[in-house]
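Structure record follows, encoded as structure tokens.
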Amino acid sequence: MTVLTYREAVRNALADELRSDPKVIFFGEDVAVAGGVFKVTPGLYEEFGGERVRDTPISEEAFVGMALGAAITGLRPIVELMFADFIPVAMDQIVNQIAKYRYMSGGQFVVPLTIRSAQGGGVGFGTQHSQTAENWLMNTPGLKVVVPGNPADAYGLLRGAIRENNPVVVLEHKGLYNMKGEVPDDLGPLPLGKARVVREGSDLTIVATQLVCQHSLKVAEELAAEGISVEIIDLRTMVPLDSETLLSSIAKTGRLVVVEEAPHASGWGGDIVSLAADQGIFYLDAPVKRVNMGNVMFAYSEPLEKLAIPSPERIKAAVREVLAT
Amino acid sequence: MTVLTYREAVRNALADELRSDPKVIFFGEDVAVAGGVFKVTPGLYEEFGGERVRDTPISEEAFVGMALGAAITGLRPIVELMFADFIPVAMDQIVNQIAKYRYMSGGQFVVPLTIRSAQGGGVGFGTQHSQTAENWLMNTPGLKVVVPGNPADAYGLLRGAIRENNPVVVLEHKGLYNMKGEVPDDLGPLPLGKARVVREGSDLTIVATQLVCQHSLKVAEELAAEGISVEIIDLRTMVPLDSETLLSSIAKTGRLVVVEEAPHASGWGGDIVSLAADQGIFYLDAPVKRVNMGNVMFAYSEPLEKLAIPSPERIKAAVREVLAT
Amino acid sequence: MIGIRIPEPTVEVKPLSEDIRRSMLYKMLQIRYTEEKLQELFLANAIRGTTHLCNGQEGVSTGVAAALRKGDTVTCTYRGHGHALAMGMPLKSLMAEMMGRVSGCCRGKGGSMHMTDASLGLLGANAIVGAQLPIAAGAALTAQIEKTGNIAVSFFGDAASNIGAFHETLNLASVWKLPVVFICENNRYGEYTPQHLTTPVEDLSIRAISYNMPGVTVDGQDSEVVFAEFSAAAARARAGEGPTFLEMKTYRYRGHSRTDTGPYRPAGELEAWMERDPIKILADKMIAAGQLDQVELEELTQSVQREILGAVEWAQREPYPDPEELTRDIFYEG
Amino acid sequence: MIGIRIPEPTVEVKPLSEDIRRSMLYKMLQIRYTEEKLQELFLANAIRGTTHLCNGQEGVSTGVAAALRKGDTVTCTYRGHGHALAMGMPLKSLMAEMMGRVSGCCRGKGGSMHMTDASLGLLGANAIVGAQLPIAAGAALTAQIEKTGNIAVSFFGDAASNIGAFHETLNLASVWKLPVVFICENNRYGEYTPQHLTTPVEDLSIRAISYNMPGVTVDGQDSEVVFAEFSAAAARARAGEGPTFLEMKTYRYRGHSRTDTGPYRPAGELEAWMERDPIKILADKMIAAGQLDQVELEELTQSVQREILGAVEWAQREPYPDPEELTRDIFYEG
Ligand SMILES: Cc1ncc(C[n+]2csc(CCOP(=O)(O)OP(=O)(O)O)c2C)c(N)n1
Ligand SMILES: Cc1ncc(C[n+]2csc(CCOP(=O)(O)OP(=O)(O)O)c2C)c(N)n1
Ligand SMILES: [Mg+2]
Ligand SMILES: [Mg+2]
């Protein structure tokens with residue numbers, strides 16, 4: 001067991017996969033010589049050389065598309081899109097090409113490709129450098145989407161993603177890069193598609209990811225002092241979604257709050273609720289609440305940014321409201 | 001009252017707005033001299049001239065961004081993205097610029113800009129020319145999103161969109177361009193944000209849009225013969241969403257089926273369900289079903305395309321299932 | 001009559017062997033009459049959706065394909081039937097795909113705009129303008145890293161040279177010295193709009209300057225010139241000297257897509273280009289060299305037409321994909 | 001010592017009037033010391049997020065702004081403090097924005113990367129590389145259609161010339177003959193990566209050829225040269241002759257963003273560029289012309305520094321936005 005930061009965990013996962021398979025290559029803006037703007041990738045260029053670890057021009061559409069071309073001809077590219085806000089810049093390649101390439105060719109290609117990107121708010125980067133990106137991608141069949149919420153997952157799920165023979169987008173939360181956590185020394189690649197009950201409880205289920213999962217844990221601790229028992233599920237992988245873990249928790253608690261660091265409309269919270277309202281409706285004892293960013297985007301100013309992201313206070317209020325009915 | 005095709009209705013709306021306000025301009029690929037690939041815009045170039053109605057190069061990122069620049073300096077641009085599948089090509093300008101420009105400047109700009117695009121399947125255009133695009137846009141605060149489902153709405157809502165002092169994306173359904181319908185002669189711009197009960201009923205509510213709203217109407221007719229009374233709501237505007245109309249229908253029927261021509265994950269159907277499961281949970285008498293494209297994308301082959309889009313048969317089956325509990 | 005400027009070759013154009021010529025002629029005829037048959041089938045509603053024909057442009061795909069080696073890869077556009085046939089896609093595979101049958105090259109899931117055959121190195125025809133360029137560069141990256149000596153080729157249109165992906169890819173390919181050849185088929189129109197209304201330069205090859213890359217404007221109607229210029233570019237790429245941009249001047253005889261009758265063409269333009277028909281140019285050379293006569297050409301044409309008819313009839317009896325195909329291959333399972 | 005090549009002017013560079021010189025000098029000092037103060041505040045954690053400073057590049061923004069007319073518009077990048085101050089943004093407005101206060105130019109919602117003031121024609125600093133180019137072209141479209149005689153200007157970096165939006169916008173602006181001037185501030189680096197690793201040409205102005213547009217490489221350190229070259233481009237634009245691409249050779253003294261110490265700089269490079277400091281170049285000319293002496297310069301510097309300190313202290317006491325600001329201006333209501 002070693003304590004690593006989320007940042008170090010990501011780096012180790014990259015290094016371990018580059019080491020274990022010569023077909024793995026890695027490129028992006030300033031990831032090689034400089035070691036990345038978030039200092040996530042230092043040393044990879046030195047260890048694996050400039051053929052496999054490369055700095056690209058600022059040409060997201062081109063280099064993401066190149067990853068596809070490389071993947072279908074036998075390499076296993078990992079590509080970094082520095083901020084998830086730049087996903088829209090390369091969106092055509094991601095949603096029209098990468099996601100569809102296997103299907104529309106009738107299964108001629110295998111697309112073992114990983115896109116890594118840093119998403120999420122809380123660090124004062126303003127409107128165009130703070131968004132989460134999972135919903136755009138989830139609404140695009142053909143992509144797997146991973147959202148690691150702690151160092152062990154950042155390590156294991158990234159390795160699992162790189163091993164996948166399908167396109168995977170791994171959205172790291174930039175507000176968690178400094179988070180510390182235990183990573184088992186023998187941890188290998190983790191399979192995608194498994195949620196985790198990060199806290200057991202019996203009164204109410206919270207479903208969350210990444211930063212707001214941390215906020216939810218804080219809330220659960222506080223409520224425990226009042227004798228309220230909250231179960232928390234960290235989804236970890238958005239696609240495929242682990243419906244089983246979700247439904248069995250809802251069956252147990254009968255109450256559900258979904259917490260998203262994302263706008264409300266066409267957000268994945270709705271899928272969790274519709275899962276409950278379809279297959280779990282008779283378990284439900286109370287209205288289901290979503291706590292999210294509503295119709296609001298990120299602003300630079302600190303108080304506004306704090307208000308935008310579901311805060312422990314807003315989460316707690318929703319929990320109380322659901323428990324009150 | 002005149003009977004128009006959806007295609008003619010769109011053209012008339014454009015012509016009427018170009019006529020009524022000299023600040024309105026219109027551009028896109030092959031929309032001017034050639035009158036558009038869907039033959040929606042013939043005659044506009046001839047009537048309004050090459051200064052106001054322009055053919056662009058194939059440069060979606062640039063010309064969509066230009067629409068923003070023109071909008072914030074006093075014009076009211078309408079821009080056509082030929083197929084909604086090309087929205088990803090211009091995605092940065094749409095989600096990072098157009099949607100955010102007013103907010104991140106602290107309200108310095110008004111952005112009276114309309115993007116028109118043809119979405120939806122059923123006509124054999126294959127994987128990259130059939131998708132619906134509303135969910136990507138809905139998850140982006142700062143955009144209004146309109147999905148007209150008949151000629152009168154195609155006319156009135158497009159005029160309403162062009163009059164809006166906010167960015168609006170109007171997603172026309174390409175499978176409906178030949179649809180005929182009555183358009184009142186005195187119909188002017190319609191306000192955005194109002195759903196419409198297109199069929200009254202008491203046993204169950206179907207929420208749908210565009211092509212699958214037509215499919216739902218067919219199902220409702222057939223079920224009426226069996227004495228089942230289905231209410232159908234055409235959302236018409238996805239953002240803002242008309243929660244009131246939805247909730248009062250659910251209150252009445254107690255049963256809900258949501259039909260989307262879109263993938264399931266992070267689809268707006270989840271928002272409809274979560275609205276019901278939050279504010280309407282005690283009205284609900286049965287599980288809520290979503291009928292949508294699941295995790296499937298469009299394929300070229302006709303039988304597969306038909307299977308992908310919620311068919312009358314699938315809609316009917318879901319209705320029966322919900323009524324059975 | 002409209003005058004057509006014929007670009008001067010920049011390399012020596014040697015007559016190709018009789019074998020290669022005969023094979024190119026055969027491919028060109030196959031492409032020509034396949035396209036004509038498809039137009040007919042479309043107008044008869046025997047095929048749905050849309051299609052983009054390449055008759056008139058056969059010299060480019062055929063000349064390039066003849067110079068490719070096994071292991072080389074190609075990406076192209078929705079106007080891709082010619083590239084597929086030139087690279088050796090069986091007619092039946094193409095026809096079944098056009099009709100959405102499971103025996104099509106993409107199991108009916110691709111259709112007219114996506115003729116793809118990985119086994120031939122044809123990595124995909126793309127319906128998004130410009131999107132195929134980065135994909136080819138990625139294939140070239142694999143060739144570079146794995147030192148296979150293979151090259152990648154990307155075909156695109158004149159109007160595609162205005163989209164961002166074109167610029168980004170040429171720049172990146174140049175700075176990384178990727179073994180890729182960019183081939184612009186300049187048929188003078190993007191859909192219904194002539195080049196000069198969307199593009200302020202006449203010879204697109206000039207754009208190579210921005211990338212410190214060789215750029216050549218080529219007579220795309222003469223398949224032997226195409227072969228020679230492409231071979232030179234391919235040799236540079238294989239030698240590790242990086243990419244080349246070839247602009248092929250050519251012309252499409254049909255409209256942009258199936259319903260377009262081409263009202264935007266200046267009078268006489270089509271006729272002028274038909275004078276420089278790529279099939280005629282090669283056939284004339286072969287006749288002059290005593291390698292072909294009119295009777296043989298006529299026989300070859302008829303045999304190609306019979307073959308096409310046979311493929312159509314076969315394809316029409318092939319089954320559609322099963323319902324299980326709907327969810328198959330969204331992901332690779334395994 | 002590393003040698004710096006100084007591009008030759010392509011137009012006559014006349015000494016500007018004493019008034020204009022004095023005003024440019026003042027702006028450059030204001031920019032220089034604002035940036036230094038901001039770096040200090042960042043390191044003291046008095047400001048959050050990130051910032052991109054432009055010290056060293058003052059000659060470009062100042063030279064251009066001095067030649068703009070009322071009604072002209074500008075878009076620029078996250079490295080935009082200089083453009084904002086050069087165009088007349090009050091220091092207080094900038095400082096309050098940096099600190100997320102409601103009295104900032106964007107009510108605290110924009111921050112360092114989005115200094116925007118519509119009333120000055122500053123249509124937005126953008127945090128997405130290249131996204132500001134189309135927006136400027138759109139402002140130019142308004143000017144063209146409304147025949148206002150105004151022009152639009154877009155500033156961007158060397159590395160931004162590799163992104164698709166750059167290519168698309170220059171092409172479209174050229175073919176529509178829009179009144180816009182594209183100004184590339186070539187400071188030799190995109191973040192931590194030197195130009196030659198991402199861009200296969202040295203003088204980016206050569207890229208104008210692809211768009212049949214004049215392209216000029218300019219000494220960006222001499223604000224009078226900047227003024228002259230820009231004025232010629234602006235005149236062309238106002239006369240309806242279309243856009244121009246100006247590449248300004250310049251250098252940033254600080255790292256890419258606040259935590260970057262610039263380990264990638266070759267030894268001596270920074271020092272060589274500091275020899276050609278834009279403030280020094282203008283001040284020397286003024287001293288030589290008897291328009292300034294060292295004492296005056298020192299006084300001016302000190303008064304600018306006092307002004308900056310005053311703005312900082314003021315801004316620190318300003319309120320943050322109210323919670324209602326969270327939902328305000330998502331949409332225009334009315
Ligand atoms: C990104 C994108 N924009 C627009 C289109 C619609 N479209 C399809 S083909 C075409 C014209 C392309 O012209 P060109 O590149 O010259 O190729 P050609 O069709 O002449 O072979 C357009 C605009 C598209 N498919 N993709
Ligand atoms: C589309 C996009 N890709 C990447 C980035 C991250 N990024 C910010 S600045 C920058 C370097 C830009 O360099 P240059 O254009 O030379 O401008 P400079 O910063 O030197 O002024 C990069 C890569 C971004 N903001 N937007
Ligand atoms: Mg063309
Ligand atoms: Mg730079």
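Values reported hereafter were calculated over all heavy atoms of this structure, with side chains retained and with hydrogens, waters and symmetry mates removed. Convention: sequence-line order gives letters A, B, ...; per-chain numbering from 1.
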Exercise: identify the closest heavy-atom pair between B/D30 and C/Y192: OD1-N, 3.2 Å

Measure across C/P321 and B/S301 and return the closest heavy-atom pair with its distance rounded to 0.1 Å. CD-OG, 3.2 Å

Heavy-atom closest pair (B/L307 atom, C/L326 atom, distance to 0.1 Å) is CB-CD2, 3.8 Å

Take B/I58 and C/T198 through the side-chain contact (heavy atoms from CB on, under 4.5 Å) test and state the conclusion after the steps. CA-CA 8 Å; B/I58 310 180; C/T198 58; over 6 Å; no

Across all chains, not counting sequence neighbours, the side chain to side chain contact (heavy atoms under 4.5 Å, CB included) partners of C/D203 are C/R5, C/S205, C/T217, C/E247, C/K249

What part of C/Y78 gets within 4.5 angstrom of chain B, counting heavy atoms only: side chain, backbone, both, or neither? neither

When C/M99, C/H114, C/E191 are compared by non-hydrogen pairs under 4.5 Å with chain B, the top option: C/E191

Would you indicate whether B/Y45, at its atom OH, is surrounded by more than 12 heavy atoms from other residues, nucleotides or ligands within a distance under 6.0 Å? no

Between C/G110, C/G164, C/G190, which shows the greatest number of heavy-atom pairs under 4.5 Å with chain B? C/G110

Heaviest contributor of heavy-atom pairs below 4.5 Å to chain C, chosen from B/S59, B/A62, B/G124, is B/G124

Determine yes or no for a side-chain-to-main-chain donor-acceptor pair under 3.5 angstrom, with B/Y300 supplying the side chain and C/C106 the backbone. no

Return the option, out of C/T327, C/T50, C/T199, C/I47, with the maximum number of heavy-atom pairs under 4.5 Å with chain B. C/T50

Go through the atoms of B/M293 and report whether side chain, backbone, both or neither lie under 4.5 Å from a heavy atom of chain C. neither

Heavy-atom closest contact (B/V123 atom, C/R48 atom, distance): C-NH2, 3.8 Å

Specify the closest pair of heavy atoms between C/A127 and B/F86, including all atoms of both residues, with the distance to one decimal. O-CE2, 4.4 Å

On a heavy-atom basis, the closest approach of C/D322 and B/L304 is O-CD2, 3.7 Å

Test side-chain contact (heavy atoms from CB on, under 4.5 Å) on C/M113 and B/Q128; report intermediate values, then the result. CA-CA 9 Å; C/M113 301 205 278; B/Q128 293 177 332; over 6 Å; no

Is it the backbone or the side chain of B/V37 that comes under 4.5 Å from a heavy atom of chain C, or both, or neither? both

Examine whether an atom of B/V296 lies under 4.5 Å from a heavy atom of chain C, and if so say whether it belongs to the side chain, the backbone or both; otherwise answer neither. both

Max heavy-atom pairs within cutoff under 4.5 Å with chain C, candidates B/V33, B/D55, B/T127, B/N295, goes to B/N295

Is it true that, when you exclude B/K306 itself, more than 12 heavy atoms of the residues, nucleotides or ligands shown sit nearer than 6.0 Å to its NZ? no

Measuring from atom CD1 of C/I163 to atom CD of B/E60, what distance do you get when rounded to the nearest 0.5 angstrom? 4.5 Å

Spatial distance of atom OG1 (C/T193) from atom CD (B/E29) [nearest 0.5 Å]: 8.5 Å

Check whether B/F125 gets within reach of chain C through its side chain, its backbone, both or neither, counting any heavy atom under 4.5 Å. both

So, the part of B/E302 with a heavy atom under 4.5 Å from chain C: the answer is both

